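Sequence lines set the chain letters: A, B, ... in the order given, protein chains first and strands last, and positions in each chain run from 1. What you see is a predicted model; the values in this text were computed from it and never measured.
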Number of protein chains: 2
Amino acid sequence: MSQNATPTLEEVARAAGVSRATASRAINGLPYVSERAREQVARAVEVLGYRTNQVARSLATKRTGSIALVMSEPGNFVLSDPFFARVLRGIYSGLSGSQMQLVLLMNNEQDEEDGFARYLCGGHVDGALVVSLHGEDPLPGLLVDAGLPVVLGGRPLARVDAPYVDVDNFNGASSAARHLIDIGRRRVATIAGPEDMSVGMDRLSGWRRGMAGTGIATDAVEHGDFTMEGGAAAMRRLLRNHPDLDAVFAASDLMAVGAMQVLHAAGRRIPEEVAVVGFDNLDIAPTMSPPLTTVRQPIEEFGRTMTWRLLAQLEGETGLPPSIMLPTELVRRAST
Amino acid sequence: MSQNATPTLEEVARAAGVSRATASRAINGLPYVSERAREQVARAVEVLGYRTNQVARSLATKRTGSIALVMSEPGNFVLSDPFFARVLRGIYSGLSGSQMQLVLLMNNEQDEEDGFARYLCGGHVDGALVVSLHGEDPLPGLLVDAGLPVVLGGRPLARVDAPYVDVDNFNGASSAARHLIDIGRRRVATIAGPEDMSVGMDRLSGWRRGMAGTGIATDAVEHGDFTMEGGAAAMRRLLRNHPDLDAVFAASDLMAVGAMQVLHAAGRRIPEEVAVVGFDNLDIAPTMSPPLTTVRQPIEEFGRTMTWRLLAQLEGETGLPPSIMLPTELVRRAST
DNA sequence: CTGAAAGCGCTTACAG
DNA sequence: CTGAAAGCGCTTACAG
């Protein structure tokens, strides 16, 4: 079985009694192949168990038929985040019917940063989706310089000339803050995201914008890493430093979960004593006790849009927008 | 910048004043290159921003420098399973220092099953790790027939001539059953895994083996899909059909979590009225209330061993074992 | 130590 | 509709 390792086009052609050229045309379903030749080739392919060598084809066509999803995040972190699972679902949905394979690349813990660049720029893929960028990650710049089509998930902090898709974190956070003001809260804290990610910074700016003009202090700010544990730790710090707070806006639902656990443990009633707003609208949000008011962002749509944008670029579409912003919206529940 | 799309070896050679052959040798750090030539080439590479075209190299060398991890499971399922996160960590750890890139392939929901085979057999990777196989999945057979080195994670149900790494599910489950008997339980149920996966079947057989010879009935069996929800649903069926049960062995910790929630809701005290044993020893096991007695399996080691086995094969090592079994061990906690 | 040349397995104008 | 031929960008014996 694995003796005749891999028959080549040459052998198929010979077996079919045609040239390599027409064998190739027949296999790829191109026009200008006689019915007879087409059958002959099909039979030979079947008999020999031929599979086209994608590497050779790639070298000739300069197309691979696959794109990469790069996660600049340790794999095990990503794997436990429900947000990514939904982004991934959106990406697959955007890919459906496109004949493109998606290959996932995740950061190993102590990986030499360069592995990705070598792989991606080495012609293995036609383009890349890059999500969860931290700080001044040089990767997007490297890819762009190498001429690889790239779409970023989230606005990059570094100055790179790559298109990106983002959700409207600023206005979402702003509406969250305003909502807390509207329901009468006067000591509003926030658990912000990481300072080295635009999504963290934009939600913080948005929160500040929402608070602006109300005369209410905006000094109750602690940062978390978007995880439950991070949210819990930040909440503890907030309670210590601002024991009089009556509301908190967490920049992710997971952090809101952690914060609510700490509030419960501290005996603060939600929402009577402390109102809580999250961000994401994960599936768990409505099931929490109390159900979480949060900012909905279209997560699947986010993945789908990135994919669409990259595919469109690969197809040579022109006049594509350099960036796309997806809307967010406050979903009110019992936690406020 | 992305003007000079990609300089070729040819251009580097010319710029360095050497032949393509020595340029190639210099770049790949091969011997028999004069110091002078080596410097010349290094300079040219630097100036032109050369990156070797991996596709072309692959075609010439028949090696790609990457292996695939194939998950025969809808992506979003895998993404929320802590088990896979740890397997992945083990795989990366086994890969460290090997210069191999890992590419992840996950099943899209309604994907045409053939995409994987085309990709994998098309020369994109040097080998593949395949985990979470269901039933008679034809994939391993296709890969083996195509001559692609493959290592399976878990014994395949279908007859394929591929090496695999597995954990000792049988003895682990057996010791769980025996433990329940030893502590005096006389109506022992089990929440088994899927019937189309060897890991599910082996844990069920092991449980039966553990019960054998005790004269105790082994008819209280319900199947789940290894998830919390699946475990909860199975537990409800067990309570309905065997209300007198005094112990339950769940074939995964996640199913044990679901089962315990249902038991709590039904007012059954754990372990006084119903003893519970899980399988996996996930991080959550010791944090549950009560802490879960479970069968520990070396999850990271599982991933690391698969990787080692594949890498060894790629390096041409001979006499490699066709299958490797990793030991399991009962960890007793307060739930029994 | 170095270079000319063949070869990896395909695709694609070009000329019938 | 078909085939001879060039080309994709590398590597690697082979002969200096």
State, to 0.1 Å, how close A:R155 and A:D166 come at their nearest heavy-atom pair, and which atoms those are. N-OD2, 3.1 Å

Can you spot which of B:V70, B:L129, B:L88 makes a side chain to side chain contact (heavy atoms under 4.5 Å, CB included) with B:L104? B:L88

Which comes earlier along DNA chain C counting from the 5' end, the contact point of A:R25 or that of A:L9, where each point is its nearest nucleotide? A:L9

Go through B:R304 and B:E301 one step at a time and tell me if the salt bridge (Lys or Arg N to Asp or Glu O under 4.0 Å) criterion holds. CA-CA 5 Å; B:R304 206 176 300 127; B:E301 188 59 26; 2.5 Å; yes

DNA chain C nearest-nucleotide lookup for A:A56 and B:P31: closer to the 5′ end is B:P31

Do B:W308 and B:L320 touch side chain to side chain, with heavy atoms closer than 4.5 Å? yes

Taking A:P163's backbone N and O only, do any of them form a donor-acceptor pair with A:S323's side chain (distance below 3.5 Å, no angle check)? no

Reading DNA chain D 5' to 3', what string of ( ), [ ], | and . shows its pairs, if Watson-Crick and G-U wobble pairs count only when both distances fall under 3.5 Å? |||.||||||||.|||

To the nearest 0.5 angstrom, please state how far the OG atom of A:S132 sits from the CE atom of A:M71. 8.5 Å

Under the criterion side chain to side chain contact (heavy atoms under 4.5 Å, CB included), which of A:V165, A:L102, A:L95, A:L69 is the partner of A:T307? A:L95

If the C1' atom of C:dT12 is compared with that of C:dG16, how far apart are they to the nearest Å? 16 Å

For A:T52, which contact category applies under a 4.0 Å heavy-atom criterion: base, sugar-phosphate, or nothing? sugar-phosphate

Reading DNA chain D from 5' to 3', where do the contacts with chain A start and stop? Cut-off is 4.0 Å to heavy atoms. D:dC1 to D:dG9

Assign the ring pair B:H124 / B:Y119 to parallel, tilted or perpendicular, where the plane angle (0 to 90°) is split at 30° and 60°. parallel

How do A:E35 and A:A21 order along DNA chain D: which one's closest nucleotide is nearer the 5' end? A:E35

